[in-house]
2 protein chains.
Amino acid sequence: MTQPYHHGNLRQALLERATEILSEKGVEGLSLRGLARDLGVSHAAPLRHFSTKAELLNAIALEGVCSLIAATKKADAQTPGTARLRAIMLAYVNWAIANTELHHVLRNPDVMRHASDDLTTLLASFAARQKAEIRAAQDAGWRADEDPDVLFLHLVSLTAGTAIVSTEEVYQQRVPLPKRQSNIEDSIDLFVG
Amino acid sequence: MTQPYHHGNLRQALLERATEILSEKGVEGLSLRGLARDLGVSHAAPLRHFSTKAELLNAIALEGVCSLIAATKKADAQTPGTARLRAIMLAYVNWAIANTELHHVLRNPDVMRHASDDLTTLLASFAARQKAEIRAAQDAGWRADEDPDVLFLHLVSLTAGTAIVSTEEVYQQRVPLPKRQSNIEDSIDLFVG
DNA sequence: GCATTTATGTAGTCAATGACAACATTGCGA
DNA sequence: TCGCAATGTTGTCATTGACTACATAAATGC
């Protein structure tokens with residue numbers, strides 16, 4: 001019995017294997033031909049699904065954003081206000097910690113440089129949602145006298161920054177995990193608290 | 001008159017041209033052979049100075065960190081306390097805005113993945129200095145009751161995050177520059193107060 | 001059912017690249 | 001000044017991204 005001519009679900013397999021490679025070797029260590037080898041298909045097969053390497057990376061980034069958005073959506077259970085802001089920010093940071101490599105892809109200038117319209121649109125809508133949360137929290141009385149734009153910038157910066165500091169090796173201090181986790185929560189509380 | 005056999009200062013020329021390329025095409029668009037062409041030397045000449053592409057990127061990152069440290073050093077003129085913290089954080093963010101591509105190199109996981117000991121040591125000492133500033137500010141009465149580790153995490157996250165939000169195109173809102181600058185300052189003031 | 005169209009995979013090829021080795025030229029110090 | 005180390009060149013190789021022509025499977029319409 002020989003290999004079937006068609007792989008079955010090459011597109012999905014490519015995305016999954018690519019994500020594995022990314023966490024091992026990063027964007028530069030990822031090659032379309034290497035993926036083809038790993039999956040036992042011909043060297044040009046991946047091109048049927050992603051016509052360039054950039055397109056593959058973009059698809060992974062898209063997957064990442066969807067996953068991130070889903071993760072933060074759960075925080076909607078909280079009523080608007082400080083608890084909800086805290087939940088949203090923590091959801092983001094925890095998602096980044098749990099999906100380090102996807103997070104790195106989203107942070108990689110070489111990937112985002114070629115971001116598709118889909119991707120940028122999704123990111124923009126994500127930002128809009130965060131902005132709306134700020135407004136809602138202010139309506140509920142939180143920091144009502146501050147400029148919403150400043151609060152928005154602060155929230156986005158702090159969230160992105162905490163995610164980066166929490167996932168990039170360079171920043172990893174020799175701090176035990178429980179302590180680190182509680183530091184993250186306390187740090188966020190400095191803002192929302 | 002023919003070209004001299006030796007370039008004269010190829011190493012420096014490589015670093016400069018590479019930085020230009022990086023801001024145009026990013027890490028993936030940078031090639032040792034392309035640099036050689038641009039500088040009119042043979043395709044293998046760059047290898048005399050940087051035996052791999054990663055080594056070149058590391059050298060650029062090293063240059064970047066030195067430049068960043070120098071930029072933040074000026075804030076030392078302020079006396080320890082909130083004004084000094086604010087000055088340090090603003091110096092970082094403004095450096096990132098003025099040196100976007102160097103900042104992107106420092107933020108690029110593919111570069112930092114191969115960071116040399118020099119580079120990580122320098123980054124660690126930079127972090128230590130920030131930690132010391134926190135302590136000094138607390139000694140001067142600022143947020144004296146907070147956990148220094150939490151304040152440190154907060155400062156690093158907020159600084160890195162603001163720099164990223166201020167330099168990555170994805171985040172660039174249609175906000176006029178003066179307004180953006182004042183937002184940055186106000187956002188940082190939310191923390192250093 | 002069957003033919004035609006579309007999706008998917010293969011084989012072959014090309015230019016660009018990173019990396020290495022062998023050799024050439026220059027300049028500096030003993 | 002002589003020799004050696006630094007620097008640059010030429011030649012080469014495997015890998016890669018990307019393209020083309022072709023093969024096969026699958027879906028669709030009749």
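Computation of the quantities below employed the complete heavy-atom set of this structure, encompassing side-chain atoms and omitting hydrogens, waters and symmetry-equivalent molecules. Throughout, protein chains are lettered first and strands after them, A, B, ... in sequence-line order, and every chain is numbered starting at 1.
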What is the separation between atom [atom1] on [X] and atom [atom2] on [N], rounded to the nearest whole Å?
{"X": "B:N9", "N": "C:dG27", "atom1": "CG", "atom2": "C1'", "result": "15 Å"}
{"X": "B:E28", "N": "C:dT17", "atom1": "CD", "atom2": "P", "result": "13 Å"}
{"X": "B:L35", "N": "C:dA16", "atom1": "CG", "atom2": "C1'", "result": "14 Å"}

- Message: Quick one, B:T52 and B:H114 - any side-chain contact, counting heavy atoms below 4.5 Å?
- Response: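 Not in contact.
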- Item | Close side-chain approach of B:H103 to B:I97, heavy-atom, < 4.5 Å |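 Answer no - side chains too far apart.
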- Can you list every pair that meets ring pair (Phe, Tyr, Trp, His ring centres under 6.0 Å) and has a residue in residues 129-160 of chain B, with sequence neighbours left out?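 Passing the test, one end in residues 129-160 of chain B: B:W142-B:F191, B:H154-B:F191.
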Nucleotides 14-17 of chain D: which of its N/O atoms have a protein N/O under 3.5 Å away?
unit_1, atom_1, unit_2, atom_2, d
D:dT16, OP2, A:R37, NH1, 3.2
D:dT16, OP2, A:R37, NH2, 2.8
D:dG17, OP1, A:L32, N, 3.4
D:dG17, OP2, A:L32, N, 2.9
D:dG17, OP2, A:R33, N, 3.2
D:dG17, N7, A:R33, NH1, 2.6
D:dG17, O6, A:R33, NH1, 2.7

- Item | Summary of salt bridge (charged side-chain N to carboxylate O under 4.0 Å, His left out) pairs that have at least one residue in residues 66-83 of chain A, sequence neighbours excluded |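 Of all non-adjacent pairs touching residues 66-83 of chain A, those that pass salt bridge (charged side-chain N to carboxylate O under 4.0 Å, His left out) are A:D76-A:R84, A:D76-A:R129.
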- Which of residues 10-19 of chain B have a heavy atom under 4.0 Å from DNA chain D?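 Result for residues 10-19 of chain B: B:L10, sorted by number.
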- Message: So if I take every side-chain heavy atom of A:R48 and compare against D:dT7, C:dG9, D:dT9, which nucleotide ends up nearest?
- Response: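 So the side chain of A:R48 is nearest to C:dG9.
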- Query: Do the charged groups of A:E28 and B:K53 touch, with an N to O distance under 4.0 Å?
  - Reply: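 So A:E28 pairs with B:K53 through a salt bridge.
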- Query: Does the pair A:E185/A:R86 count as a salt bridge with the N-to-O cut at 4.0 Å?
  - Reply: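 Salt bridge flag = no for A:R86 with A:E185.
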- Under the salt bridge (Lys or Arg N to Asp or Glu O under 4.0 Å) rule, collect the residues that match up with B:D147, sequence neighbours excluded.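 In terms of salt bridge (Lys or Arg N to Asp or Glu O under 4.0 Å), with neighbours along the sequence ignored, B:D147 is linked to A:K179.
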- Query: Which residues satisfy the side chain to side chain donor-acceptor pair (under 3.5 Å) test with A:T159, sequence neighbours excluded?
  - Reply: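 Expected list: none.
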